[in-house]
Amino acid sequence: MTRPILFAANWKMHLHPGEARTYLDRFLEVDQPRAGRTVAFFPPAVSIDVVARMLKGREHYLTGAQDVDTEPKGAFTGATSVQLARGAGAAAALIGHSERRHVYGETDEQTHLKLRAVLDGGLLAILCVGEKLAEREAGNTMAVIERQLSAALRGVEAHADLAVAYEPVWAIGTGRNATPADASEVHGGIRSILGRLGIPVETRVLYGGSVKPDNVAGLLAAPGIDGVLVGGASLDPDQWADICAAG
Ligand code: PGA
């Protein structure tokens with residue numbers, strides 16, 4: 001059985017509402033939606049509303065938040081709760097992205113609380129995991145990922161609204177992607193860990209880290225890779241449409 005494929009664009013700190021509108025005007029002109037494929041956009045919080053409005057009623061597309069707070073509301077200056085993101089039109093959220101973990105110092109416990117908030121709020125959670133270069137070189141890739149998955153998914157019931165993104169930290173924004181074979185091997189390991197944690201086998205596992213138009217087809221052809229999470233190469237609408245047409 002083939003799994004549905006998810007193409008997720010992580011715009012990071014780029015594209016304000018006006019730029020997002022111009023981007024989507026172009027993207028929707030060139031993209032050719034295909035059955036079994038969903039294209040998700042993760043704009044900065046200020047642009048969620050405009051992206052969600054432009055994608056409303058188009059079944060192949062989804063809007064999400066790049067990060068959410070653990071709390072539902074309150075005096076938390078600068079933060080975006082699940083409720084706020086959902087009110088702006090988000091149907092999904094990235095959780096535990098490497099920049100949240102390693103630039104902002106988020107712990108496994110915070111990632112867990114955020115994941116719970118997203119699932120309790122009825123959004124699709126894309127849980128990001130991945131090892132740093134030194135951890136890979138020390139042979140600790142799967143140990144790190146097992147720790148990240150077990151901590152984040154502690155007590156989480158088998159949940160349909162979950163996807164995992166394997167994003168080796170050394171591949172993000174570096175132009176150095178994992179080979180399809182390397183990614184596929186880790187994806188197999190992730191699937192076994194998910195199985196042990198009682199997470200359904202149909203949970204999608206995406207690859208992220210320097211995905212480009214010229215390497216995406218090879219990655220999607222590798223066993224166990226159910227989609228991609230893309231930063232830099234998703235910022236140009238034509239390039240992103242090329243990626244979403246691959247494979
Ligand atoms: P990149 O980022 O495609 O620019 O490497 C991927 C990500 O951070 O999700």
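In listed order, ligands and their atoms are each counted from 1.
- Applying the side chain to side chain donor-acceptor pair (under 3.5 Å) rule to Q110 yields the partners T107; only residues at least two apart in sequence or on another chain are considered.
- Sorted by first and then second residue, the pairs that involve residues 232-247 and meet side-chain hydrogen bond (donor to acceptor under 3.5 Å, both in side chains), not counting sequence neighbours, are R26-D238.
- Checked against a 6.0 Å centroid threshold, the rings of W11 and F42 do not count as neighbours.
- Under the rule for a side-chain contact (heavy atoms from CB on, under 4.5 Å), the partners of K212 that lie at least two apart in sequence or sit in another chain are S210, D214, N215, A233.
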Please tabulate protein-ligand N/O pairs under 3.5 Å for ligand 1, atom names and distances to 0.1 Å.
from: ligand 1; atom 1: 2 (O); to: K12; atom 2: NZ; distance (Å): 3.3
from: ligand 1; atom 1: 2 (O); to: G231; atom 2: N; distance (Å): 3.4
from: ligand 1; atom 1: 3 (O); to: G231; atom 2: N; distance (Å): 2.8
from: ligand 1; atom 1: 4 (O); to: G232; atom 2: N; distance (Å): 2.9
from: ligand 1; atom 1: 5 (O); to: G173; atom 2: N; distance (Å): 2.6
from: ligand 1; atom 1: 5 (O); to: S210; atom 2: N; distance (Å): 2.8
from: ligand 1; atom 1: 8 (O); to: K12; atom 2: NZ; distance (Å): 2.7
from: ligand 1; atom 1: 8 (O); to: H97; atom 2: NE2; distance (Å): 2.7
from: ligand 1; atom 1: 9 (O); to: H97; atom 2: NE2; distance (Å): 3.2
from: ligand 1; atom 1: 9 (O); to: E167; atom 2: OE1; distance (Å): 3.3
from: ligand 1; atom 1: 9 (O); to: E167; atom 2: OE2; distance (Å): 2.7

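- Grouping the Ile, Leu, Val, Met, Phe, Trp and Tyr side chains by contacts below 4.5 angstrom, directly or via other members, places I199 with V118.
- Rounding to the nearest 0.5 Å places CG of L115 at 8.5 Å from OG1 of T111.
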